[in-house]
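A short worksheet on the structure shown next.
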Amino acid sequence: MSGSEADILAKIEPLMRDLFDEYDGPIGPQTSAADIEQWDSLANVQFIVMVEQTFGVRFSTSEIEKLRNLGEMAQVIAAKQA
């Protein structure tokens, strides 16, 4: 993981802690919706919007469908910001 991806994950974590307030487990590159009970389809939409607003990026539907974990999301954000 590049430094910028680590920085992106560091900014994503507080968003997740706010949205998934019942989850107190670890958050890292391998974290996915399967790890967090609260992460359903509505929460996913809310999370994507929060991330887009925070980083000033837009995800296409196909990009969202391909994301398997936060590490992959950080890679896409880093590429969009490059």
Side-chain angles (χ1 to χ4, degrees):
M1 178 181 331
S2 73
S4 62
E5 290 168 22
D7 292 342
I8 290 167
L9 281 175
K11 291 178 184 173
I12 287 175
E13 181 168 355
L15 300 176
M16 294 194 66
R17 297 284 180 206
D18 184 47
L19 184 60
F20 305 116
D21 57 353
E22 294 173 15
Y23 179 74
D24 60 1
I27 293 177
Q30 299 303 317
T31 304
S32 70
D35 299 321
I36 302 174
E37 191 174 325
Q38 288 177 276
W39 197 336
D40 58 15
S41 58
L42 176 60
N44 195 60
V45 171
Q46 292 173 306
F47 178 60
I48 294 294
V49 169
M50 291 168 71
V51 169
E52 287 178 335
Q53 290 174 343
T54 299
F55 294 99
V57 298
R58 288 272 177 241
F59 296 107
S60 69
T61 303
S62 63
E63 286 172 329
I64 293 168
E65 289 171 352
K66 291 178 191 171
L67 295 175
R68 292 188 312 252
N69 56 46
L70 294 181
E72 290 182 8
M73 176 178 269
Q75 290 172 355
V76 173
I77 293 168
K80 288 179 176 290
Q81 292 182 330

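One is the number of the first residue; the rest follow in order along the sequence.
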Give a yes or no on this: more than 12 heavy atoms of other residues, nucleotides or ligands lie within 6.0 Å of atom [atom1] of [X].
X   : atom1 : answer
D24 : CG    : no
K11 : NZ    : no
R68 : CZ    : no

Over all atoms of both residues, closest heavy-atom pair of [X] and [Y]:
X   : Y   : result
F59 : E52 : N-OE2, 2.8 Å
G71 : L9  : N-CD2, 4.5 Å
F55 : I12 : CE1-CG1, 3.8 Å
A10 : P14 : O-CD, 3.1 Å
Q38 : E22 : OE1-N, 2.9 Å

(request) Side-chain contact test, heavy atoms from C-beta onward, threshold under 4.5 Å: evaluate it for V57 versus V76 and give yes or no. (result)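 Heavy-atom side-chain distance check fails, nothing below 4.5 Å.
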
(message) Using side-chain heavy atoms (C-beta onward) and a distance below 4.5 Å, is L42 in contact with Q46?
(response) yes

(request) Give the ring-plane orientation class for F47 versus F20, where under 30° counts as parallel, over 60° as perpendicular and anything between as tilted. (result)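 F47 vs F20 ring planes: tilted.
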
(request) Determine whether I64 and M16 fall in the same hydrophobic cluster, where Ile, Leu, Val, Met, Phe, Trp and Tyr are linked whenever their side-chain heavy atoms lie under 4.5 Å apart. (result)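 I64 and M16: one cluster.
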
(message) Using the side-chain contact (heavy atoms from CB on, under 4.5 Å) definition, which of the options L15, V49, I8 pairs with T54?
(response)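 It is L15; the other options fail the test.
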
(request) To the nearest 0.5 Å, tell me how far R17 CZ sits from I27 CD1. (result)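 These two atoms lie 3.5 Å from each other.
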
(request) Sequence neighbours left out, what passes side-chain contact (heavy atoms from CB on, under 4.5 Å) with N69? Give chain and number order. (result)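 Q30, S32, E72.
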
